[in-house]
Amino acid sequence: MKLEMKKGIDILSNLGSVVSVEEARNIFEKKCDSDNLKKISTIKNEEALLKIANAIALFQPDSVWFNTCSKEDLQTARNGALENGEEFKIKFEGHTCHYDLPEDQARLVKQTYYIYNEGEDISSLALKQERSEAKAYIKEHMTGIMKGKKMLASIWSRGPIGAKASIPAIMITDSYYVVHSGNILYPNAFNDFDSEVARAGLFFTNCHSYGQFKSEDVPKARVYMDRSWQTTFSFFCTYAGNTLLLKKGNHRFTVDHCTYYRVEEELSEHMFITGLTGPGNRKTFIVGAAPSGCGKTTTAMVGTDFIGDDLAQIWIERDGTVRAVNPEIGIFGIVKDVNYRGDPYLMKCLRGEIPSEVIFSNVLIEEDGTPRWEGDGDQEPTSGKNFLGDWTPEKKYVNGNPVPCSHPNSRCTLSNADIENYNRELGVDPAGVPIKIITYSGRDSDTNPPVWAAKNPDQGVVIGASILSAATATEVGAVGVRRQPWANAPFVPGSLADYTHAQFKFFNSNKIKEKPVMAGLNYFLTHAARGGEPGDNRLLGEKRDVKPWLTWLEIRAHGEVMAINTPIGYLPLFEDLKTIFNETINKEYTNKLYNKQFSLYIDNIIARIDLQTKAYEKEENCPERLFEIYEEQKVGLNSLKEKYGPIVKPSELIEAGGTE
Ligand code: OXD
Ligand code: MN
């Protein structure tokens, strides 16, 4: 069964038991001082007032503070995080550091559930809990969870105020770190809340408490998404991916919204948005999907007009363009391997060259307050403090493995506006940016080439459906290589068949005037997989190569280069790449490397197709078109293999399919 809104009891209202606005106002009178009463008096939306009052009734804080994002409130959040020990100042002005508990360093995927009603389909890749069971757990652990504390309530917008795809959201928490982070990451919607709800027709509610910040409580932590009431509950954790619920908590709701209520109109994707300046100073905008920790931020930063590094709300505009806005205005980026060579724009902020507000998390802090992380490009640190306490290079885990100076998922939170290549006007323009290129990628060591372009929207949808990726440090306990459909899999609440259907509908829509180029990207091919020594897991390419791959797509999207026609899509020609590498990053690109990167390893690709076909066959009502495309590609690949053997070189691909 598909998703039905407002079905079953609303757990927050049921447990809070506040049913009238009058009661809600009485509660505000009791818990707020006059300043805060004045703030809340500006909100008229009754449903929202009831949500907030029910949160107060359930969590039982001593008092309530409303964050209106005024200058004074922004400062209160910063000070609050310092005063209660959630953050501390480090070397550069405006920079702080926050530590999460050792057990809570990434998304708690095994403790994250969709709350569902009897008979509702939930993604085969996600965990679910029936409504009454979830209610009992929330009641047991969240009743009175803010006793002795102040409840902090913010209202932000997921996207520029007034944009077609923006949705406002309430965030209730007892963590100043969450408020401080949210103020950096989301546009304020306190003053526009009523009109934004009227425009969007909905809002999200998020509830979080870190409890007592104790390691022994983390196993009891939960992140719940109540799909029917678009309300989240998160407790006993602090890692922002689990607590700053406007990010992935509400992204899951927008995926639902687009899949069930905006078919052929909107998509909600785990994608960066960036612009490239092409010949004649034209700007071409790209959105790209990659699983968490697989290079979205780095790719976005390569653009001349950075817009967003993690999420994209995409829609078809009346004029037939595909447009996108970033629901965020800042980044919560991984710092591992961020250095001046690969990420100069970010480094200028992180090293204090450009004055900016930065919250680091789970990095090493040296005695003089310098933040350090693995791969930062400086001399190896010799001592400092991190989320596990005092650190030296000799420090070992109980199993004898060395403790790295920083957690592999350590992060930096900063405003896009502080990053040099951010386009300050277009980044917050409610009209969004027009999208010409859509990319899909994963951590794929042995199969796909660095870049290839789909021949049509169906093939593009299949590239997204087929992402396979190695686990990263962004999820607690994740191991191995897994399917990551559209890199959005962890955030798709409903059935993958429904999501796939929505993708086909959107990209084949007649409402789109000029179909965007849909493409695959893969930065992770290894030497071992392309004729090197077994176990030689060094990458064939390097971070800097992202620019040439995007540049080829930019030129291809404008029809200015030919490409090799293969069963999986179009591949670049060597001469074009040679010129592009030279012009963009001044690098000699060799024919030897080209042959390694762009020969098709037929058996690997077919094994992938078989794996995906089998997995999607298990999904009920999966669109037939998906299987047809897989079959078409398989037939083409097998006939190449018959003629040329299991490894087909670009010259042979040209002979077989020609160029277009
Ligand atoms: C993120 C994630 O933090 O996807 O963006 O984990
Ligand atoms: Mn992400």
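Residue numbers run from 1 in the order of the sequence given. These values consider heavy atoms only, across backbone and side chains, with no hydrogens, waters or symmetry-generated copies. Read the numbers this way: they start at 1 and go in the same order the structure lists the ligands and their atoms.
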- Query: Does Lys296 bring an N, O or S atom to within less than 2.8 Å of the Mn ion (ligand 2)?
  - Reply: no
- Give the numbers and elements of all ligand 1 atoms closer than 4.0 Å to a heavy atom of Asp310. 5 (O)
- Message: Under 4.0 Å from a heavy atom of His270: which atoms of ligand 1 are those, numbered in the order shown and with their elements?
- Response: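 In order of number, 4 (O).
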- Message: Which label fits Phe332 and Tyr239: parallel for a plane angle under 30°, tilted from 30 to 60°, or perpendicular past 60°?
- Response: tilted
- Task: Return the orientation label for the Phe253 and Phe204 ring planes: parallel under 30°, perpendicular over 60°, tilted otherwise.
- Result: tilted
- Query: Looking at Tyr137, does the NZ or CZ of Arg222 lie under 6.0 angstrom from its six-membered ring centre and within 45 degrees of the ring axis?
  - Reply: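 Judged by the rule, Arg222 and Tyr137 form a cation-pi pair.
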- Ring-face cation contact, Tyr616 with Arg483, 6.0 Å cut, 45° max: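 Yes, Arg483 and Tyr616 form such a contact.
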- Verify ring-ring contact (aromatic ring centres under 6.0 Å, His included) between Phe272 and Phe306, making sure each step is shown before the conclusion. CA-CA 9 Å; Phe272 66 80; Phe306 163 62; 9.2 Å; no
- Message: Does only the side chain of Glu475 get under 4.0 Å from ligand 1, or the backbone, or both, or neither? Count heavy atoms.
- Response: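 Looking at Glu475 and ligand 1, no heavy atom falls under 4.0 Å.
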- Between Ser469 (side chain) and Arg443 (backbone), is there a donor-acceptor pair under 3.5 Å? yes
- Message: Tell me if a side-chain donor or acceptor on Arg608 pairs with a main-chain N or O of Ser466 at a distance below 3.5 Å.
- Response: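 Side chain of Arg608 to backbone of Ser466: no pair is present.
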- Nearest to the Mn ion (ligand 2) - the N/O/S atom of Asp310, by atom name: OD1
To which protein heavy atom is [atom] closest, and what is the distance rounded to 0.1 Å?
atom                   : answer
atom 5 (O) of ligand 1 : Lys248 NZ, 2.7 Å
atom 4 (O) of ligand 1 : Ser292 OG, 2.5 Å
atom 3 (O) of ligand 1 : Arg411 NH1, 3.0 Å
atom 6 (O) of ligand 1 : Arg107 NE, 3.1 Å

- Query: Is the shortest distance from a heavy atom of Lys247 to ligand 1 less than 4.0 Å?
  - Reply: yes
